Amino acid sequence: MELDLFGQSVPVNRALGRGKRKYNRREAEERFARVFEPVAGDRCIYCGMPSEGKVDHQPPVYVLHRFANGELVTKRDIQRQFGQCKLVPCCTICNMGLGAYHGADDNERRREIVGWFLEDDRFPEDKLILDMGDRLIEQRAAGKRGTEVYAFPGVGRRIYIQALVGFIEGDFNHFDGFPEWLRLAQLELADWLRATPGRKAQYFLKMARLESYNLLPHARSDPRGQF
């Protein structure tokens, strides 16, 4: 008798090797691909921005890699531990904000993402940056400025804060309920971000006040402290 464990037929009476595997995201995604069920949609499940075909693994493949702990595991083992595993629409910014974070539900994951953009006492200039972001958004809505306002990271931070916190606090439960200014600002920001290759990743770094993106899963409790 044999069990099919992620593409490998293993005799049930054979002791499974426990050699720990070094984490490689591509290999892990291939290994666990058929555990995840895709969720339809073209807007980020967390913030409502256009997802442009990007997805987020719930739970992250890194979490499944750690759960397997170098052993072969079955789909049933994983579902018993984590429930349904899903591929959900997710924009690049939210994907980077999550890193390898798991979280109990979507609002907990939104809190993780928005934590990068909220005012931080360790950065005295944060309040000024966010206030300036507000003013630029107001001026853009009034037609006094063009789409160049989106180049300022404080504008993007304010847009993401409004969408994510609005979901968390229950001001709306779907992006169709966004106020008109937020819907327009998101669409214009999305257009500005996609205009230049690599701009989305760089914009996240600027909004989060990071010089690089080399998030280590064990450092999630103090992400900025590792740079």
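Everything numeric in this text was worked out from a predicted model, so none of it was measured.
- When side chains are defined from C-beta on, Glu108 does not count as touching Ile168, because their heavy atoms never get closer than 4.5 Å.
- We find the CZ-CD1 distance between Phe175 and Ile45 to be 10.0 Å, quoted to the nearest 0.5 Å.
- Atom CG of Asp106 sits about 5.0 Å away from atom CD of Gln58, to the nearest 0.5 Å.
- You'll find the side chain of Gln139 reaches within 4.5 Å of the side chain of Leu136, heavy atoms only.
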Intermediate values then yes/no, side chain to side chain contact (heavy atoms under 4.5 Å, CB included), Gln186 and Arg183: CA-CA 5 Å; Gln186 279 196 329; Arg183 292 207 286 185; 5.8 Å; no
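- For the atom pair CE of Met96 and CE of Met207, the computed distance is 9.0 Å after rounding to the nearest 0.5 Å.
- Listed here is the closest heavy atom pair of Val73 and Ala68: CG1-CA, 3.9 Å.
- Trp116 places no side-chain N or O within 3.5 Å of a backbone atom of Ala208 that could act as its donor or acceptor partner.
- Hydrophobic cluster membership is shared by Phe152 and Trp181, with clusters built from Ile, Leu, Val, Met, Phe, Trp and Tyr side chains linked at under 4.5 angstrom.
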Audit row: Tyr203, Trp192, ring pair (Phe, Tyr, Trp, His ring centres under 6.0 Å) steps and yes/no: CA-CA 11 Å; Tyr203 201 63; Trp192 184 82; 5.3 Å; yes
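- Phe172 places a side-chain heavy atom less than 4.5 Å from the side chain of Pro179.
- Using a 30° and 60° split on the angle between ring planes, Tyr23 and Tyr62 fall in the perpendicular class, above 60°.
- Contact check for Val149 versus Ile137: no side-chain heavy atoms found under the 4.5 Å cut-off.
- For the pair His57 and Phe36, the minimum side-chain heavy-atom distance is below 4.5 Å.
- When all heavy atoms of Tyr160 and Cys47 are compared, the closest pair comes out as CE2-SG, 3.6 Å.
- Checking Gln84 against Gln79 by side-chain atom types alone, no donor-acceptor pair falls below 3.5 Å.
- No salt bridge links Glu30 with Arg26; every basic N to acidic carboxylate O contact stays at or beyond 4.0 Å.
- The minimum heavy-atom distance between Pro59 and Leu64, with the atom names listed, is CG-CD2, 3.7 Å.
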Step by step, would you call Tyr101 with Ile113 a side chain to side chain contact (heavy atoms under 4.5 Å, CB included)? CA-CA 9 Å; Tyr101 182 77; Ile113 298 163; over 6 Å; no
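- Using a distance-only test at 3.5 Å, with no hydrogens or angles considered, a donor-acceptor pair links the side chain of His174 to the main chain of Asp176.
- A side-chain donor-acceptor contact under 3.5 Å links Asp126 to the backbone of Asp120.
- In this structure, Leu128 is not a member of the same hydrophobic cluster as Val155, with clusters built from ILVMFWY side-chain heavy atoms closer than 4.5 Å.
- Annotation: cation-pi pair Arg110/Phe167 present, NZ/CZ under 6.0 Å from the ring centroid and within 45° of its normal.
- With Met49 as the fixed residue, the side chain to side chain contact (heavy atoms under 4.5 Å, CB included) test singles out one of Leu189, Ile93, Thr92: Leu189.
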Report the C-alpha distance between Phe82 and His102 in whole Å, list the side-chain angles of each, state the deciding distance to 0.1 Å, and finish with yes or no for side chain to side chain contact (heavy atoms under 4.5 Å, CB included). CA-CA 10 Å; Phe82 300 102; His102 183 19; 3.8 Å; yes
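- Looking only at atom types and distance, the side chain of Asp77 has a donor-acceptor partner in the side chain of Thr74 under 3.5 Å away.
- Side chains of Pro89 and Asp42 form no contact here, defined as non-hydrogen atoms less than 4.5 Å apart.
- Checking side-chain atoms of Asn95 against main-chain N and O of Val55 turns up a donor-acceptor pair under 3.5 Å.
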Take Phe204 and Leu210 through the test side chain to side chain contact (heavy atoms under 4.5 Å, CB included) and record every step on the way to the result. CA-CA 8 Å; Phe204 171 81; Leu210 296 174; 4.1 Å; yes
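- By the 4.0 Å N-to-carboxylate-O rule, Arg109 lies too far from Asp105 to be salt-bridged with it.
- For the pair Glu71 (side chain) and Asn69 (backbone), a donor-acceptor distance under 3.5 Å is absent.
- Residues passing the side-chain contact (heavy atoms from CB on, under 4.5 Å) test with Glu188, sequence neighbours excluded: Arg140, Thr147, Tyr150, Leu184.
- Side-chain contact check for Pro50 versus Cys91: every heavy-atom pair is 4.5 Å or farther apart.
- Counting all heavy atoms, side chain and backbone alike, Pro124 lies closest to Arg122 at CD-O, 3.5 Å.
- To the nearest 0.5 Å, atoms CG (Asp121) and NZ (Lys127) are separated by 12.0 Å.
- Panel note: side chain Gln162, backbone Arg158; no donor-acceptor pair is recorded below 3.5 Å.
- In this structure, NZ in Lys54 is found 13.5 Å from CG in Leu87, a value given to the nearest 0.5 Å.
- Judged by the 6.0 Å and 45° rule, Arg209 forms a cation-pi pair with Phe123.
- Cys94 is listed as a side-chain neighbour of Cys44, based on a closest heavy-atom distance under 4.5 Å.
- A continuous path of hydrophobic side-chain contacts links Ile129 to Leu118 [ILVMFWY only; heavy atoms under 4.5 Å].
- In this structure, CD in Glu27 is found 10.5 Å from NZ in Lys22, a value given to the nearest 0.5 Å.
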